[in-house]
Enquirer: 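If you scroll down you'll find the structure; I have some questions about it.
Keep in mind that the numbers below use all heavy atoms, side chains included, and drop hydrogens, waters and symmetry copies.
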Amino acid sequence: MKKVMLLHGVNHNMFGKRDPKQYGTITLDGINKKVDDLAKELDIEVTNFQTNNEGEFVDKIHEAYLEGYDGVMLNAGAWTHYSHAIGDALRMLECPVIELHMSNVHAREEFRHHSVISPIASGIIVGLGSSVYTLGLRAFDDIFRGNND
């Protein structure tokens, strides 16, 4: 069974309450349930993790490396735009990385247009609400099956 780590960044524990115009009303538990349900269907093991601590986020990336995960998808939140520590950790990975954003970061404030993660990522999914998470998992399924042409 393939293993994917899903990392949720800073403030994501407040989904459902935080800025519903940008992020909708779905909670983090709701997102994780959608991903877990699809993972069962696709026969992929997913580890979900959220933290507001950048060091813990980096530690989970290290764990993905050390435990040989087959893929990492992440929405690093605001860390996306400035955390070179997260970028450096991601560069260690030998598996595909998918960057996710529920809102269209390119239609928002200027500082959100830059990502330190994008140059490292195999792919980026933005602006489609909570669907970015299941689309990311479907992309990994295609990659794992060799259907990513």
Side-chain angles (χ1 to χ4, degrees), residues 1-19 22-24 26-106 108-109 111-144 148:
M1 180 180 289
K2 298 291 186 177
K3 295 188 321 183
V4 171
M5 185 173 287
L6 170 56
L7 300 174
H8 301 283
V10 63
N11 293 317
H12 292 187
N13 57 307
M14 297 305 290
F15 281 153
K17 296 178 177 146
R18 179 179 172 230
D19 197 358
Q22 294 295 336
Y23 306 110
I26 193 166
T27 64
L28 184 61
D29 286 342
I31 290 168
N32 287 337
K33 181 173 180 353
K34 285 172 56 171
V35 170
D36 290 343
D37 289 348
L38 179 60
K40 287 177 190 159
E41 178 185 321
L42 299 176
D43 200 28
I44 297 173
E45 179 184 331
V46 175
T47 301
N48 301 303
F49 180 76
Q50 187 279 327
T51 184
N52 292 316
N53 181 304
E54 186 178 13
E56 290 177 358
F57 201 86
V58 169
D59 287 343
K60 287 307 264 192
I61 296 168
H62 294 173
E63 180 181 316
Y65 172 79
L66 293 170
E67 293 186 11
Y69 273 72
D70 301 294
V72 171
M73 54 183 186
L74 70 154
N75 181 344
W79 294 326
T80 299
H81 314 294
Y82 64 85
S83 178
H84 294 283
I86 290 172
D88 287 347
L90 290 169
R91 281 183 183 84
M92 286 188 278
L93 294 176
E94 298 172 349
C95 64
V97 173
I98 298 178
E99 178 182 356
L100 307 169
H101 298 284
M102 289 173 59
S103 67
N104 180 353
V105 292
H106 304 289
R108 296 185 63 193
E109 304 93 335
F111 81 90
R112 295 184 194 275
H113 300 182
H114 173 75
S115 168
V116 297
I117 296 168
S118 293
I120 302 157
S122 305
I124 306 160
I125 305 171
V126 301
L128 301 172
S130 64
S131 295
V132 299
Y133 295 97
T134 52
L135 290 169
L137 192 58
R138 287 189 183 282
F140 274 126
D141 185 54
D142 282 347
I143 291 167
F144 299 154
N148 60 331

Enquirer: Does a side-chain heavy-atom distance below 4.5 Å link Lys34 with Tyr133?
Expert: no
Enquirer: I need the minimum non-hydrogen distance between Ala64 and Val72, along with the two atoms involved.
Expert: CB-CG2, 3.7 Å
Enquirer: Looking at Lys33 and Asp36, is there a salt bridge between them, counting it only when a charged N and a carboxylate O are closer than 4.0 Å?
Expert: no
Enquirer: For Ser130 versus Met102, what's the shortest heavy-atom pair and its separation?
Expert: N-CE, 3.9 Å
Enquirer: Identify the heavy atoms of Ala78 and Val10 that sit nearest to each other, and give their distance.
Expert: N-CG1, 3.9 Å
Enquirer: What I'd like to find out is whether the side chain of Glu63 reaches to under 4.5 Å of the side chain of Phe49, using heavy atoms alone.
Expert: no
Enquirer: What's the shortest heavy-atom distance between Ile86 and Leu74, and which atoms?
Expert: CG2-CD1, 4.5 Å
Enquirer: Return the NZ to OG1 distance between Lys17 and Thr27, rounded to the nearest 0.5 Å.
Expert: 9.0 Å
Enquirer: Once rounded to the nearest 0.5 Å, what's the spacing between atom CG of Asp37 and atom CG of Asn32?
Expert: 10.5 Å
Enquirer: Val126 and Ser103: which non-hydrogen atoms are nearest, and at how many Å?
Expert: CB-O, 4.0 Å
Enquirer: Is Leu6 close to Leu100 at the side-chain level, that is, under 4.5 Å between some pair of heavy atoms?
Expert: yes
Enquirer: Closer than 3.5 angstrom, by distance alone: can the side chain of Ser83 be matched with the main-chain N or O of Thr80 as a donor-acceptor pair?
Expert: no
Enquirer: Just verifying a value: how many Å separate Asn48 CG and Leu28 CG, rounded to the nearest 0.5 Å?
Expert: 8.0 Å
Enquirer: Report the distance from atom CG of Leu137 to atom CG of Leu42, rounding to the nearest 0.5 Å.
Expert: 5.5 Å
Enquirer: Is the closest side-chain donor-acceptor distance between Ser115 and Glu99 under 3.5 Å?
Expert: yes
Enquirer: Taking the six-membered ring for Trp, are His8 and His12 parallel (under 30°), tilted (30 to 60°) or perpendicular (over 60°)?
Expert: perpendicular
Enquirer: Would the distance check show the side chain of Ser122 and the main-chain N or O of Val97 forming a donor-acceptor pair, the cut-off being under 3.5 Å?
Expert: yes
Enquirer: Give the minimum heavy-atom separation between Tyr69 and Cys95, together with the two atoms involved.
Expert: O-CB, 3.5 Å
Enquirer: Kindly indicate whether the side chain of Leu90, heavy atoms from C-beta on, has any atom under 4.5 Å from the side chain of Ile117.
Expert: yes
Enquirer: Keeping Asp70 on the side-chain end and Val4 on the backbone end, is there a donor-acceptor pair under 3.5 Å?
Expert: no
Enquirer: Would you indicate whether Tyr65, at its atom OH, is surrounded by more than 12 heavy atoms from other residues, nucleotides or ligands within a distance under 6.0 Å?
Expert: no
Enquirer: Using modelled atom types only, decide if a donor and an acceptor are shared between the side chain of Lys3 and the backbone of Glu67 within a distance under 3.5 Å.
Expert: yes
Enquirer: Is there side-chain contact between Lys2 and Phe140, with heavy atoms separated by less than 4.5 Å?
Expert: no
Enquirer: Taking side chain as C-beta onward, heavy atoms only, is Arg138 less than 4.5 Å from Leu38?
Expert: yes
Enquirer: Could you measure the distance from the CG atom of Leu66 to the CD1 atom of Ile61? Nearest 0.5 Å is fine.
Expert: 12.0 Å
